[in-house]
Amino acid sequence: MKNSIKVQRAIFDMTQADLAKAIGVSRQTINAMEKNKYVPSTVLSLKIAKLFKKPVEDIFFLDEGD
């Protein structure tokens with residue numbers, strides 16, 4: 001699964017640490033998600049989507065191999 005978290009952070013002028021604090025995870029978790037090394041839970045995905053005021057599908061999307 002791929003995501004556009006880094007792009008959304010840039011739009012909202014947020015650092016990884018800012019986003020992590022806003023949704024209650026570590027900065028390392030955000031880094032891992034952006035590098036596609038960690039697939040977030042449904043709850044975490046919904047928190048991110050709500051924060052960025054976007055549908056989940058606009059932030060998280062399946063890769064061709066998924």
Side-chain angles (χ1 to χ4, degrees):
M1 183 165 65
K2 302 243 180 196
N3 65 70
S4 64
I5 295 172
K6 189 171 184 176
V7 172
Q8 295 301 319
R9 280 195 309 100
I11 292 168
F12 280 75
D13 194 30
M14 294 179 86
T15 65
Q16 287 181 341
D18 294 335
L19 176 56
K21 185 176 180 182
I23 62 172
V25 297
S26 70
R27 185 200 58 77
Q28 290 84 355
T29 299
I30 302 301
N31 189 15
M33 283 191 283
E34 288 183 358
K35 292 183 177 191
N36 299 313
K37 293 183 178 184
Y38 173 71
V39 177
S41 68
T42 304
V43 172
L44 193 52
S45 299
L46 289 168
K47 284 182 179 182
I48 293 168
K50 183 176 180 180
L51 180 73
F52 291 139
K53 300 178 177 89
K54 298 267 187 177
V56 174
E57 297 84 7
D58 285 358
I59 299 170
F60 299 96
F61 38 93
L62 294 176
D63 197 12
E64 287 182 24
D66 291 340

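Counting only distance, with no hydrogens or angles, the side chain of Asp18 and the backbone of Thr15 share a donor-acceptor pair below 3.5 Å.
Using a 4.5 Å cut-off between side-chain heavy atoms of Ile, Leu, Val, Met, Phe, Trp and Tyr, Leu44 falls into a hydrophobic cluster with Met1, Ile5, Val7, Ile11, Phe12, Met14, Leu19, Ile23, Val25, Ile30, Met33, Tyr38, Val39, Leu46, Ile48, Leu51, Phe52, Val56, Ile59, Phe60.
Looking at Ser45 and Thr42, their side chains never bring a donor and an acceptor atom within 3.5 Å of each other.
Residues passing the side chain to side chain contact (heavy atoms under 4.5 Å, CB included) test with Lys53: none are found, sequence neighbours excluded.
Between Ser4 atom OG and Arg9 atom CZ the span is 11.5 Å, to the nearest 0.5 Å. Note: Lys6 NZ to Lys35 NZ = 8.5 Å, rounded to the nearest 0.5 Å.
The nearest pair of heavy atoms linking Gln16 to Arg27 is OE1-NH1, 3.0 Å. Pro55 and Ala49 get closest at one heavy-atom pair: C-CB, 4.2 Å.
Around atom CG of Asp13, no more than 12 heavy atoms belonging to other residues, nucleotides or ligands sit under 6.0 Å away.
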